[in-house]
Every structure is written in C-alpha cells, then in structure tokens.
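To start, the structure itself, in structure tokens.
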Amino acid sequence: QGHLVESGGASVQPGGSLTLSCAVSRGIFVVSPIDWYRQAPGEQRELVASVTQLGYTNYAESTKDRFTILRDNAKSAVHLQMNSLKPEDTAVYYCHARVPITVGDVQPGDYWGQGTRVTVSL
C-alpha cells in the first residue's frame, strides 16, 4: 500500500488546466515506466500517457496535444500536466507501474494508485 499515490484531482471548467501528481516508491520508480490511466463511469480504463525511466514518452491520440507527462527523478514522482481540458476528460485518473523484477519486498506485477478524480464541467 502506498507504492503509488495520486493527488491533484479537482473540478475545473472547460478550457482550464490542472496538474496531477503521482508519488512513486523509489524501488518501483527505478525499474518501471510509469503510466497514467483514466476511467470514466461506464467506460473502460484507458491509457493516457506513459514515461520511461529515461524520459521517453507516449500519449493517447486524444491527449497528445494537450497533456504532458513529466518525471521528477529527485522526488520519484510523475506529473500529468493537463491543458485545454474538455468535459470528456472527466474521469478518475490512476497512475500505474509494471514491476518486472523483485525490488526489495516489492514483487513483480502491476501496481496501481488509488486514483484521483478530475471533473471538467460548467
């Protein structure tokens, strides 16, 4: 518990900006890319953006021109800067890691944060 912890979710107006943060335990941070997913009510969870340990990034087509994923190596944190927000961005946002090897007492597998809610509405 607490290997990945999201924060920063809020209610904002369309066109607004918001930055989400994910604090990642150091062991996981160094062995895994970190992803942001989101899930709207009644929808499947979808990948939003990913960043590797070396800073290589990928984005969903719907967010690549508006969102930026950033690594803070000193703080073992990953941020998702969201600009020009749209109502369809409304969702619970989750950070995720896929751990390939044992790191201390952390076993290989998929790790998820608890989620942080973003609401974009008038």
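Residues take their numbers from the sequence shown, with the count starting at 1. For the numbers below, each heavy atom of this structure counts, side chains included, while hydrogens, waters and symmetry mates do not.
Taking a cutoff of 4.0 Å between a charged side-chain nitrogen and a carboxylate oxygen, Asp35 and Arg98 do not qualify as a salt bridge.
Judged by distance alone, the side chains of Ser84 and Arg66 never bring a donor and an acceptor atom under 3.5 Å apart.
Separating the NZ atom in Lys64 from the OG1 atom in Thr68 is a distance of 13.0 Å, to the nearest 0.5 Å. Atom CZ of residue Arg38 and atom CD of residue Glu88 lie 8.0 Å apart, to the nearest 0.5 angstrom. Interatomic distance, CH2 of Trp112 versus CD of Glu6, reported as 9.5 Å (0.5 Å rounding). One distance of note links OG of Ser121 with CG of Asp89; it measures 12.0 Å at 0.5 Å rounding. Rounding to the nearest 0.5 angstrom, the gap separating the CD atom in Gln39 from the CD atom in Gln44 is 8.5 Å. With rounding to the nearest 0.5 Å, the separation of OH in Tyr37 from NE2 in His96 is 5.5 Å.
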Yes or no on side-chain contact (heavy atoms from CB on, under 4.5 Å) for Leu70 and Val78, after CA distance, side-chain angles and deciding distance?
CA-CA 6 Å; Leu70 303 165; Val78 176; over 6 Å; no

Are Val118 and Met82 close enough, and set up right, to give a side-chain contact (heavy atoms from CB on, under 4.5 Å), and what steps lead you there?
CA-CA 10 Å; Val118 174; Met82 304 184 293; 4.0 Å; yes

What do the steps show when you test Lys86 against Val120 for side-chain contact (heavy atoms from CB on, under 4.5 Å), and what is the final call?
CA-CA 6 Å; Lys86 305 174 180 180; Val120 185; 5.6 Å; no

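With Val51 as reference, Ile69 is the one residue of Leu80, Ile69, Asn58 to meet the side chain to side chain contact (heavy atoms under 4.5 Å, CB included) rule.
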Return a table of donor-acceptor pairs under 3.5 angstrom between the side chains of residues 13-20 and protein atoms on other chains or two or more places apart.
| residue | atom | partner | partner atom | Å |
| --- | --- | --- | --- | --- |
| Ser17 | OG | Asn83 | ND2 | 2.9 |

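Scanning both residues, Gln53 and Pro33, for their nearest heavy atoms gives OE1-N, 3.6 Å. When all heavy atoms of Thr116 and Gly9 are compared, the closest pair comes out as OG1-N, 2.9 Å.
Geometrically, Arg71 engages Phe29 in a cation-pi contact defined by less than 6.0 Å to the ring centre and at most 45° from the axis. Relative to the ring axis of Tyr93, Arg117 does not place its NZ or CZ within 45° and under 6.0 Å from the centre.
Clustering ILVMFWY residues whenever any of their side-chain heavy atoms sit less than 4.5 angstrom apart, transitively, puts Tyr56 in a cluster other than the one holding Ile34. Val5 and Val48 end up in different hydrophobic clusters when Ile, Leu, Val, Met, Phe, Trp and Tyr side chains are linked at under 4.5 Å. Linking Ile, Leu, Val, Met, Phe, Trp and Tyr whenever their side-chain heavy atoms come within less than 4.5 Å leaves Tyr59 and Leu47 in two separate clusters.
No side-chain heavy atom of Ser50 sits under 4.5 Å from any side-chain heavy atom of Thr57.
Shown here are the ring pair (Phe, Tyr, Trp, His ring centres under 6.0 Å) partners of Tyr111, two or more places apart in sequence or in another chain: His3.
Within the structure, the disulfide bond (SG atoms under 2.5 Å apart) test picks out the following pairs touching residues 2-110 (sequence neighbours left out): Cys22-Cys95.
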